[in-house]
Amino acid sequence: MVLKLHGAQEATCTKRVLTVLEELNVPYELVVVDYATDAHKSPAFRAVQPFGQFPYLDDDGFTLYESRAIARYLALKYGGIGTLIPDPADLAKTALFEQAASVEQSNFDAFAVPLAYENIRKPRIGQQTDKAAVERLTAALEAKLAVYDTILGRSKYLAGDELTLADLFHLPYGSNLAKQNIDFLESPKYPNVARWWKDISGRASWKKVNGA
Ligand SMILES: N[C@@H](CCC(=O)N[C@@H](CS)C(=O)NCC(=O)O)C(=O)O
């Protein structure tokens, strides 16, 4: 049975998984979640995704939620040894990959998600953007990306010289930054970050998923 991803094409976490599916050339069906009617809060949905969030994957009856966990599962099952995620038998490479994946969650997502909430989500739902929070989050994100610039001055990608899921995980919220006129990913001030971002955001997988 073809893989089914329950999500929404325009949603950031769904895009994270769709990019991986495209990278791996795995056939799939996107089962659209009608979030406007709160379909993801129904008991049937929560029976699979107890937090009432999307996406989740259904691989022939095996279900899994959390976009990054789904991405790891897909890469290990469908990618072939060492594609987007190191061979689990290579402990050092796996540890460096996990370090990079953790960097994304702790040093990027932790700031990029609340920024998107303030600058994009709140205006959409008629709430006031907290300008002080935006200032604080923007400064914190810039400080983290300055460190990224050092890391990416030493290796092509975050976990070494090979592209991994840790890099791809940045794409949905990274591309949201430009929509907020936050240019750290493209700025000449951070040349290694700019080189890396141009590389990953130029991938055919992401362009297809992001509708570019
Ligand atoms: N950590 C989860 C987050 C999932 C998430 O926040 N999904 C959003 C859509 S991008 C959602 O379901 N929002 C509706 C809600 O939280 O009620 C993942 O990576 O899959």
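Throughout, numbering of the chain's residues begins at 1 and tracks the sequence. Source: prediction; values computed, not measured. First listed ligand is number 1; within each ligand, the first listed atom is number 1.
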Looking only at side chains, do D130 and Y117 share a donor and an acceptor under 3.5 Å apart?
no
Residues which pass side-chain hydrogen bond (donor to acceptor under 3.5 Å, both in side chains) with W196, listed by chain and number, not counting sequence neighbours:
D167
Only heavy atoms count here, so choose which of F45, Y56, F54 is nearest to atom 5 (C) of ligand 1.
F54
Taking the six-membered ring for Trp and the single ring otherwise, decide whether the centroids of F108 and F169 are under 6.0 Å apart.
no
Protein contact of atom 14 (C) of ligand 1 - nearest heavy atom, named by residue and atom, plus distance
H40 NE2, 3.6 Å
Looking at R136 and E118, does any basic side-chain N land under 4.0 Å from a carboxylate oxygen?
no
If the plane angle is over 60° it's perpendicular, under 30° parallel, otherwise tilted; pick one for H6 and Y56.
parallel
I need the atoms of ligand 1 closer than 4.0 Å to a non-hydrogen atom of T12, numbered in the order shown.
10 (S)
Is any NZ, NE, NH1 or NH2 atom of the basic residue among K77 and D59 found under 4.0 Å from an Asp or Glu carboxylate oxygen of the other?
yes
Who's closest to atom 17 (O) of ligand 1 heavy-atom-wise, of K41, R16, R68, R121?
K41
Ligand-side contact atoms (ligand 1) for residue partner P55, heavy atom cut-off under 4.0 Å
20 (O)
Which option wins on minimum heavy-atom distance to atom 6 (O) of ligand 1: Q53, K15, E66, Q105?
Q53
Measure from atom 18 (C) of ligand 1 to every heavy atom in G7, S67, A11 and give the option owning the shortest one.
S67
